[in-house]
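See structure below.
By convention here, the first residue in the shown sequence is residue 1. Numbering of ligands and ligand atoms starts at 1, following listing order.
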Amino acid sequence: MQTIQELNTDFSQRAVVETANMDWETSEADGVLRKRLERIDAKPEPVTTIVRYQADSAFPAHQHIRGEEIYVLEGTFSDNHGNYEAGSYLRNPAGTTHSPFSKQGCTIFVKLQQFQASDVNQLQIQTKQQKWLPGLVPGLSVMPLHEHKNEHVALVKWEANTIFQPHQHIGGEEIFVLEGTFEDEFGSYPQGTWLRNPPNSFHTPFSKEGCVIYVKTGHLGDV
Ligand SMILES: [Fe+2]
Ligand SMILES: [Fe+2]
């Protein structure tokens, strides 16, 4: 029996990872590199990762036993079903299969084996073609991507010098900074930072520089 190296498994703890400072690790596929952010020893194994496909690389065909969520950060990610340019948001629910590859190379943010059992919608959204909606305060825009029970996923765009209201994350909050620098009273999070705020945590976020973030809320514990 092989034991895996678990990572950021305590969901009651805040986690902050500046992925730009991490080294790439090799994977089982030639030319496919990764930076792991969360990894839990379970079957199937839930893992949150940044994956880089070098040009003309491929990953073996596989099934997503508990679903796979992808945001394409740069380049073009492909599988046997289509090509997904930077800005694509994909949800492949439980039972789906594919053979991923990239011709020109790409970097993707992936959350694997983390779907709720009842979340069966397959999604392919090109966020660059979607409209931004006004957010709760001036300077903030929101693009809802997915909603299932307590779980919500959106992109949020902050104009420079936007301050949001203090708030609590009842079911936790997970953020990946796509552009610019996101901030709150606990720190400053440049592009590429992954942040996980535990259930019932509070903060008052802002952005001096402006930023675009991927945000998932409500998925981290008892609601
Ligand atoms: Fe996959
Ligand atoms: Fe928040």
Side-chain angles (χ1 to χ4, degrees), residues 11 14-16 27-29 32 34 36 44-53 57-72 77-84 88-102 106-115 122-124 135-137 139-140 142 144 150-158 162-177 181-189 193-207 211-221 223:
F11 289 84
R14 187 163 177 269
V16 180
S27 74
E28 49 269 54
V32 180
R34 63 188 165 206
R36 287 195 176 105
E45 181 188 309
V47 63
T48 300
T49 323
I50 311 293
V51 179
R52 172 164 286 173
Y53 284 75
S57 65
F59 202 76
H62 58 268
Q63 185 179 42
H64 312 112
I65 296 168
R66 281 196 59 204
E68 174 191 65
E69 176 182 3
I70 291 174
Y71 187 89
V72 182
F77 173 71
S78 300
D79 65 13
N80 51 310
H81 307 294
N83 302 309
Y84 317 99
S88 297
Y89 178 67
L90 312 174
R91 295 185 65 89
N92 295 319
T96 54
T97 57
H98 68 166
S99 301
F101 63 93
S102 183
C106 67
T107 308
I108 62 177
F109 172 71
V110 186
K111 291 184 69 67
L112 188 60
Q113 319 293 17
Q114 296 169 42
F115 277 39
Q122 187 148 22
L123 271 187
Q124 293 171 4
L136 289 175
V137 298
L140 203 68
V142 182
N150 45 307
E151 180 179 334
H152 297 261
V153 182
L155 299 189
V156 181
K157 183 164 72 177
W158 302 64
T162 299
I163 303 172
F164 194 59
Q165 59 214 22
H167 61 273
Q168 185 178 25
H169 316 108
I170 301 292
E173 174 184 69
E174 182 174 345
I175 287 171
F176 189 80
V177 182
T181 301
F182 175 71
E183 296 175 80
D184 64 13
E185 66 270 49
F186 306 112
S188 182
Y189 317 103
T193 304
W194 175 77
L195 177 63
R196 198 183 65 199
N197 290 315
N200 302 314
S201 56
F202 288 88
H203 70 165
T204 306
F206 60 95
S207 182
C211 63
V212 179
I213 59 176
Y214 157 101
V215 188
K216 185 195 283 272
T217 58
H219 61 306
L220 291 179
V223 178

* To do: State, yes or no, whether a side-chain contact exists between R14 and F186 at a heavy-atom distance under 4.5 Å.
  => yes
* **E173, N/O/S atom nearest the Fe ion (ligand 2)** => OE2
* Write the atom name of the N, O or S atom in E68 that is nearest the Fe ion (ligand 1). => OE2
* H203/H169 under ring pair (Phe, Tyr, Trp, His ring centres under 6.0 Å): CA gap, chis, key distance, verdict -> CA-CA 9 Å; H203 70 165; H169 316 108; 4.5 Å; yes
* **Angular separation of H169 NE2 and H203 NE2 about the Fe ion (ligand 2), given to 10°** => 90°
* Asked: What does the angle at the Fe ion (ligand 1) come to, between atom NE2 of H98 and atom NE2 of H64, rounded to 10°?
  -> 90°
* To do: Using the side chain to side chain contact (heavy atoms under 4.5 Å, CB included) rule, take Y189 and T181 through it: C-alpha gap first, then chi angles, then the decisive distance, then the call.
  => CA-CA 5 Å; Y189 317 103; T181 301; 5.6 Å; no
* salt_bridge(E68, R91) N-O dist < 4.0 Å -> no
